[in-house]
Amino acid sequence: MKAKEAHSLGLVDRLYDDREQMLQAAHVWLRDISANTSREAIATAKHVVHRCRDISPALAFEREGFAEVFATDNRMEGVSAFMEKRQPKFTH
């Protein structure tokens with residue numbers, strides 16, 4: 001499948017003219033994620049991505065990871081910040 005077709009189907013969010021432009025956008029996106037997401041959630045997401053190639057184990061790992069992150073003190077801060085439409089102040 002060509003990139004433009006994937007984009008038109010909603011499988012790809014954005015298209016870039018070249019690799020450098022894409023890497024710069026990825027850097028900004030990852031910086032924003034790391035600034036606004038708890039370390040536990042990031043570590044769990046990375047763990048799931050690295051361990052799973054098949055969807056069934058991926059969903060099981062995702063559920064486990066969600067339960068682990070949901071049990072942290074940062075859970076309430078994340079929910080409160082979302083409801084109050086403000087940036088979260090996670091403890092690290």
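We count residues from 1, following the sequence as given.
- Salt bridge annotation for Arg86-Glu77: present, with a cationic side-chain nitrogen under 4.0 angstrom from a carboxylate oxygen.
- Rounding to the nearest 0.5 Å gives a distance of 8.5 Å between CZ of Arg14 and NE2 of His7.
- Taking CG of Asp18 as the start and OH of Tyr16 as the end, the distance is 11.0 Å to the nearest 0.5 Å.
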| field | Steps toward side-chain contact (heavy atoms from CB on, under 4.5 Å) verdict (Arg63, Leu59) | value | CA-CA 6 Å; Arg63 281 190 301 275; Leu59 293 174; 3.9 Å; yes

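- Side-chain N or O atoms of Asn74 include one that pairs as donor or acceptor with a backbone N or O of Thr91 at under 3.5 Å.
- Annotation: the span from Lys89 atom NZ to Ser80 atom OG amounts to 11.0 Å, rounded to 0.5 Å.
- Distance check, rounded to the nearest 0.5 Å: CG of Asp73 to CZ of Phe90 gives 12.0 Å.
- We find the CG-CZ distance between Asn36 and Arg31 to be 11.0 Å, quoted to the nearest 0.5 Å.
- Here His47 contributes atom NE2 and Ile42 contributes atom CD1; the two are 15.5 Å apart, rounded to the nearest 0.5 Å.
- Of all heavy-atom pairs spanning Met1 and Leu9, the tightest one is CE-CD1, 3.8 Å.
- A side-chain donor-acceptor contact under 3.5 Å links Thr72 to the backbone of Val69.
- Taking all atoms of both residues into account, the shortest heavy-atom contact from Glu68 to Thr44 is OE1-OG1, 4.4 Å.
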